[in-house]
Amino acid sequence: MRSTTGWRADAAGTLRRAALSRRELRADDVAVRVDYCGVCHSDLHALRSHASGPGRALVPGHEFTGVVTAVGPEVTAFAPGDPVAAGNIVDSCGECAMCRAGQENFCRSFPTLTYGGADRVDGTTTLGGWSREYVVRDRFAYRLPDGLDPAAAAPLLCAGVTVWEPLAALGVGTGSRVAVVGLGGLGHLAVKLAVALGARVAVVSRSADKARDARSLGADTLIVSTDPEDMAAHRDGFDTVVDTVSAPHDLAPYLSLVAMDGTLVELGHLGPVTVDMMDLLIGRKKIASAGSGGRPATAAMLDFCAEHGITADIELLPSAEVNTALERLGRGDVRYRFVLDLADLDA
């Protein structure tokens, strides 16, 4: 086994520095020195679940960038020294209809997640990117394009591809009308990507306080969701509404913004929802969702971001401050994504 160091959750869900083991490289494996890894709401949820019922070892982190340090004998796409990135999927069956279509994120036997998953070869629990080394199957590592800051690019591998997939699938482009609900880790990247695709973009927020931020990201306007007159003025105004609100909420106000034959894409809260079918019937509106992305979409997203200079707006912290980052994330004190610098694990 290969030895490294990372941040492992204790029984209370607090991260503590610990020695970790990685598998020896298989023929198609890549060993990556993890330099930067984002902090996602999914990590916070995983830690809370772990604290309420500890079971398997938990090392979070599923959006990271780094440098290849070693490769297995069958690897041809990477060599030591190459800058790479990896996201929240590190393997899939490779045989089902979804995998054959390049949608490994929808693998029929469920994709192997970067942490908290079961390795498809030996059954061990996968441990995430809040560590100094990660060993990943080569087809789930992505070359990091030149020009992308590796720290600010790390969240592209989760938040970035999560919003990219529905924008691309719905054909968002020049002249499209897009509204983004919520201006957090997902929302700010949805705005940047939609603007770069050529769309006219609005941000929907509970208050007018985000107006300056919305315009700095490229949005044309801000709609105040708590202002009935403002919402009414934009009724049926958008081909695509991307909803990134993570808490349970009423979808009706946002469906009212969707134009005829348009789509409300739910990316934040993925639990049960209640919808009045009349809100869909009038205008032939649709509700969709998405999560992560397949290998082709992830590679295309990275190339698009490099071409247009898109990265996340981040606050970079030494990894020793991970518990502080999680506490602040829990109360919404981040603009817009925390990223951990793992170099301090060398000390």
Side-chain angles (χ1 to χ4, degrees), residues 1-13 15-16 18-32 34 37-64 66 70-72 74-75 84-142 157-158 161-162 165 270-271 290-295 297-298 342:
M1 300 292 285
R2 301 170 67 91
S3 298
T4 189
T5 307
W7 296 97
R8 185 169 59 198
D10 64 15
L15 277 301
R16 300 189 183 281
L20 306 175
S21 294
R22 298 292 187 191
R23 65 176 181 258
E24 292 295 338
L25 268 63
R26 298 169 187 153
D28 59 351
D29 273 344
V30 174
V32 179
V34 180
C37 189
V39 180
C40 176
H41 268 285
S42 299
D43 303 322
L44 192 58
H45 296 323
L47 286 161
R48 287 171 175 169
S49 297
H50 184 78
S52 65
R56 297 182 296 179
L58 176 62
V59 176
H62 61 202
E63 47 183 41
F64 64 84
V71 299
E74 295 180 4
V75 174
V84 293
N88 62 348
I89 297 172
V90 292
D91 207 353
S92 71
C93 77
E95 299 174 353
C96 70
M98 291 295 183
C99 287
R100 293 197 306 272
Q103 296 286 174
E104 294 84 358
N105 49 324
F106 304 138
C107 177
R108 294 282 172 80
S109 62
F110 201 78
T112 303
L113 302 181
T114 310
Y115 68 86
D119 183 88
R120 302 183 95 86
V121 175
D122 61 21
T124 56
T125 300
T126 55
L127 305 177
W130 293 355
S131 61
R132 195 52 164 152
E133 181 177 82
Y134 199 96
V135 175
V136 59
R137 192 178 178 193
D138 62 345
R139 63 202 301 261
F140 289 90
Y142 304 89
L157 276 295
C158 176
V161 72
T162 295
E165 269 233 333
L270 300 180
S292 188
R295 293 169 56 238
T298 302
L342 283 304

J.: Check Ala9 against Leu47 and note the closest heavy-atom contact, atom names and distance.
T.: CB-CD2, 3.6 Å

J.: From Tyr134 OH over to Asp29 CG, what is the distance, rounded to the nearest 0.5 angstrom?
T.: 10.0 Å

J.: How many angstroms lie between OG1 in Thr162 and CG in Leu157, if you round to the nearest 0.5 Å?
T.: 10.0 Å

J.: Side-chain polar contacts of residues 96-107 - donor-acceptor pairs under 3.5 angstrom, sequence neighbours left out - could you list them?
T.:
{"from": "Arg100", "atom 1": "NH1", "to": "Glu95", "atom 2": "O", "distance (Å)": "2.4"}
{"from": "Gln103", "atom 1": "NE2", "to": "Asn105", "atom 2": "OD1", "distance (Å)": "2.9"}
{"from": "Gln103", "atom 1": "NE2", "to": "Glu165", "atom 2": "OE2", "distance (Å)": "3.1"}
{"from": "Glu104", "atom 1": "OE1", "to": "Arg295", "atom 2": "N", "distance (Å)": "2.9"}
{"from": "Asn105", "atom 1": "OD1", "to": "Gly294", "atom 2": "N", "distance (Å)": "3.1"}
{"from": "Asn105", "atom 1": "ND2", "to": "Gly291", "atom 2": "O", "distance (Å)": "3.0"}

J.: Going by the rule side chain to side chain contact (heavy atoms under 4.5 Å, CB included), which residues pair with Thr4 if we only count those two or more places apart in sequence or in a different chain?
T.: Leu20, Arg22, Arg132, Glu133

J.: Applying side chain to side chain contact (heavy atoms under 4.5 Å, CB included), can you list everything that pairs with Ala12, at least two apart in sequence or on another chain?
T.: Asp10, Thr14

J.: Glu24 versus Arg2: any side-chain heavy-atom pair under 4.5 Å?
T.: yes

J.: For Asn88, what residues pass the side chain to side chain contact (heavy atoms under 4.5 Å, CB included) criterion, not counting sequence neighbours?
T.: His62, Thr114, Ser292

J.: Would you check, one step at a time, whether the test side chain to side chain contact (heavy atoms under 4.5 Å, CB included) holds for Leu15 with Trp130?
T.: CA-CA 10 Å; Leu15 277 301; Trp130 293 355; 4.1 Å; yes

J.: Minimum heavy-atom separation for Gly116 to Arg56, with atom names?
T.: O-NH2, 2.9 Å

J.: Closest heavy-atom contact between Ser92 and Arg137?
T.: O-NH1, 4.0 Å

J.: Taking all non-hydrogen atoms of both residues into account, name the closest pair between Leu127 and Ser21 and its distance.
T.: CD1-O, 4.4 Å

J.: Please identify each residue that fulfils salt bridge (charged side-chain N to carboxylate O under 4.0 Å, His left out) with Asp138, with sequence neighbours left out.
T.: none

J.: What residue pairs, at least two apart or across chains, pass salt bridge (charged side-chain N to carboxylate O under 4.0 Å, His left out) with a residue in residues 111-123?
T.: Arg23-Asp119, Arg26-Asp119, Arg26-Asp122

J.: Hey, does Phe64 have a side-chain heavy atom less than 4.5 Å from the side chain of Leu342?
T.: no

J.: To the nearest 0.5 Å, what is the distance between CZ (Phe140) and OG1 (Thr298)?
T.: 9.5 Å

J.: Show the nearest heavy-atom pair for residues Asp43 and Pro60, with the distance to one decimal.
T.: OD1-CB, 3.8 Å

J.: What closest approach, in Å, do Leu58 and Ala46 show between heavy atoms, and which atom pair accounts for it?
T.: CD2-O, 3.7 Å

J.: With rounding to the nearest 0.5 angstrom, report the CD1 to CZ distance, Ile89 to Phe110.
T.: 8.0 Å

